[in-house]
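Report on the following structure.
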Amino acid sequence: MKHDLNYELEQAKDEVEEAKQLPNTIRTRLDLTYEFLENTPPVRKKLRLPAALIAVVASVLLIIGSGYISPVMAEALKNIPFIGSIFLNSGDEGLKTASRQGMTMDIDQSVTLNKTTLSISELMYDGSRLSMVLSLETKDGKSKAFRSWWDQMGKNNEVNTIRFYADGEELNFGYGMSRAMGEEKNSVILTFSPQGLPDAFDLGVVVWHIEEQEPFTFNIPVKISAADRVSLKSEESKIHDNIHMNIDSLTITPATMQIIVSISGKAGQDLKEFEQSVPDKYKITGFLNIDYEVVNEKGDLAQSLGGSGYGSDGVLRNTYMYEPFPTKPKSITIKPYVQNSGDKMYIPELEFHITVEE
Amino acid sequence: MAPETEQELEVKLAKKGNHEAFINLIRPLELQMYNIAKAILRHDEDCADALQEAILQAYKSLPSLREASFFKTWLFRILINECNRILRKKSNVVPLHNQEEARHVTPSIDVHIDLREAVYRLEEVSRTIVILHYFRDLPLRQIAEMLDLNEGAVKTRLHRARVTLSEWLANHRERKVNL
């Protein structure tokens, strides 16, 4: 009998049947693997930061006590360098959500002056706020803590500054700086709430440090992230103690909840007159100092992310940012209050209630 | 620029640390992954190990994936490497001194060894090509992509493997007859 190769190969193939369904043992192992993944810190694209900034994370959870993860792999996972997203690891809840939902941009721009390199790596712009990661590296490779480098003050009380520009025009908004945690202490997250910016623009970031005496300049094309936005306006006006208050807008994205509040005095009153007319209990060091609590229909309090504002033409317009609620709220209550060294004084007459459901 | 496909979007999200997106990419490929592992490793327990290690390895190596459209090929490449690694480890288990024994034992074993065993004795790359092409009907072009070889190289190896297998077959059959 002549056995030719092709025939033999066919025979051999029949013995290695193709399965139409996964056997239970395989199904179980896959599910265990997915479960293990869910509990590991995320690994993503290496930020183009020099090796000195990358530290080793030694504390990866190894949950599956039944021993399904091979010791070799478990060891390997323990030694993954910390190349995670700083938004995801150190950002507020809104930034964490933004990172997971793909709302963030990878920037990877670096500027080096003498012995210092500054980098901007991640950025998030959802129309309600702009956050970015700024990192520092010094030539000796030491990842110096950003805040200690930044908080130095020069002789003559010179300070370090960061200025922002959109399409060439300087933005007059205050910004917040929050430290990244743990291994990434050489990084900070800058956040500000731009008003009236278009969906796409060129962002200029100019960092001035007293040591370098020269600006670090970045030019970043920014695009609004594609995400659900709920934008509400309220026609209501409330008045109490000559404080005329309006909620200009309430905007909710997966990353940010933003309210814009306008305050003014009687019609025609300029800001100076207005502030003088308001009782002292609303002021701190002579200036009106009202903050806002934002709660949903369940009474959950939203975490504040800061705010900024300006006054012109007799109107104070302030923007406040909050972490979004974990689930979309049915309604929002804005509760103004004044905090005077520990005591919180609410102003129920100026409380606003806004329905969010469409 | 063409709009992103769903796969491209999922890969992007996975690269940013979205576990769910990564798992969504793997799920539709589970059965095929198992069938490839099975063809190379044969035992389910080994297959389970290979799948697990390959998935974790892939997750760790996501930064190295450049084109979202290559996700499947890239993933299968990792899986195949993992399968072969397991095979290598297993074959290392046979201590050298057993070769003496093997020579005595060989004649009777030879009778029962069929072509599959011969395939498994081929050198790793050729073995993989034969298994994927003849046992799983994968086209040579796809195999080339998975093994990161050009198609010509794959064809050459396949041809040489066929020659080796034919020779082995001829010798084997002859010996069988002589017994």
Side-chain angles (χ1 to χ4, degrees), chain A residues 1-30 32-46 68-70 72-74 76-77 80 83-85 87-89 96 98-104 106 122, chain B residues 9-10 12-23 26-27 30-35 37-40 42 44-45 47-57 59-65 114-119 130-131 133-137 162-163 165-170 172-173:
Chain A
M1 241 194 316
K2 189 181 180 194
H3 292 276
D4 91 319
L5 180 61
N6 290 330
Y7 172 78
E8 293 288 341
L9 284 169
E10 276 298 317
Q11 295 286 90
K13 179 183 174 188
D14 287 340
E15 292 167 41
V16 202
E17 257 176 43
E18 186 142 353
K20 298 277 189 297
Q21 230 186 346
L22 290 176
N24 280 335
T25 49
I26 302 291
R27 178 73 266 156
T28 307
R29 186 72 77 89
L30 286 171
L32 278 169
T33 309
Y34 297 150
E35 200 184 309
F36 177 80
L37 270 181
E38 302 277 355
N39 291 296
T40 348
V43 173
R44 57 151 249 183
K45 166 167 110 92
K46 201 168 187 167
Y68 277 98
I69 303 297
S70 82
V72 174
M73 180 49 82
L77 281 173
I80 297 175
I83 53 178
S85 152
F87 277 164
L88 196 54
N89 288 289
K96 287 189 168 124
S99 187
R100 280 190 209 109
Q101 292 192 13
M103 285 168 65
T104 63
D106 292 331
E122 296 168 74
Chain B
L9 195 58
E10 292 271 42
K12 216 174 182 175
L13 288 176
K15 286 178 113 170
K16 282 188 195 284
N18 189 320
H19 298 115
E20 211 186 297
F22 179 70
I23 293 170
I26 308 255
R27 279 198 202 281
E30 281 171 353
L31 188 57
Q32 205 176 349
M33 284 174 76
Y34 169 63
N35 276 318
K38 186 87 189 282
I40 299 177
R42 292 178 284 178
D44 272 356
E45 198 49 44
C47 292
D49 285 342
L51 289 175
Q52 168 192 300
E53 305 287 320
I55 290 173
L56 294 177
Q57 181 64 47
Y59 188 69
K60 200 175 122 191
S61 312
L62 259 177
S64 74
L65 174 64
D114 55 16
L115 185 80
R116 270 190 74 195
E117 295 304 320
V119 169
V130 168
I131 291 175
H133 187 59
Y134 289 115
F135 298 168
R136 286 293 174 251
D137 295 323
R162 287 178 63 96
V163 168
L165 291 172
S166 298
E167 276 173 9
W168 182 91
L169 250 187
H172 169 72
R173 295 304 167 190

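Note that these values count all heavy atoms, side chains included, but never hydrogens, waters or copies made by symmetry. Quick caveat: nothing in here was measured; it's all calculated off a predicted structure. Each chain gets a letter, A, B and so on, in the order its sequence line appears, and its residues count up from 1.
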#### Entry: Part of B:Arg42 within contact of chain A (heavy atom distance under 4.5 Å)
neither
### Message
Once rounded to the nearest 0.5 Å, what's the spacing between atom OH of A:Tyr34 and atom CZ of B:Phe22?
### Response
8.5 Å
### Query
Can you check side-chain contact (heavy atoms from CB on, under 4.5 Å) on A:Leu30 and B:Tyr34, steps first, answer last?
CA-CA 10 Å; A:Leu30 286 171; B:Tyr34 169 63; over 6 Å; no
#### Entry: CG (A:Asn24) with more than 12 external heavy atoms under 6.0 Å
no
### Task
Let me know if A:Gln21 has heavy atoms under 4.5 Å from chain B in its side chain, its backbone, both or neither.
backbone
### Message
Atom CD of residue position A:Gln11 - does it have more than 12 heavy atoms of other residues, nucleotides or ligands inside 6.0 Å?
### Response
yes
### Electrostatic pair B:Glu30-A:Arg27, nearest N-O below 4.0 angstrom
yes
### Query
Taking B:Arg162, B:Met33, B:Lys38 one by one, which has the highest count of heavy-atom pairs under 4.5 Å against chain A?
B:Arg162
### Query
Could you state the interatomic distance from CD (B:Gln52) to OG1 (A:Thr33), rounded to the nearest 0.5 Å?
4.5 Å
### Query
Out of curiosity, B:Leu51 CG to A:Leu22 CG, how far, rounded to the nearest 0.5 Å?
8.0 Å
### Query
Is the closest basic N to carboxylate O distance between B:Glu45 and A:Arg29 below 4.0 Å?
yes
### Message
Please classify the contact of B:Leu13 with chain A as side chain, backbone, both or neither, using a heavy-atom distance under 4.5 Å.
### Response
side chain
### Query
In Å, rounded to the nearest 0.5 Å, how long is the span from CG of A:Leu5 to OH of B:Tyr134?
6.5 Å
### Summary
Applying a strict 4.5 Å limit to non-hydrogen atoms, the region of B:Asn35 in contact with chain A is side chain
### Task
Output the distance between atom CG (A:Leu9) and atom CG (B:Leu165), rounded to the nearest 0.5 Å.
6.5 Å
### Task
Tell me, for A:Gln101 versus chain B, whether the close heavy atoms (under 4.5 Å) come from the side chain, the backbone, both or neither.
backbone
### Message
Contact between B:Leu115 and A:Glu10 at the side-chain level, heavy atoms closer than 4.5 Å - yes or no?
### Response
no
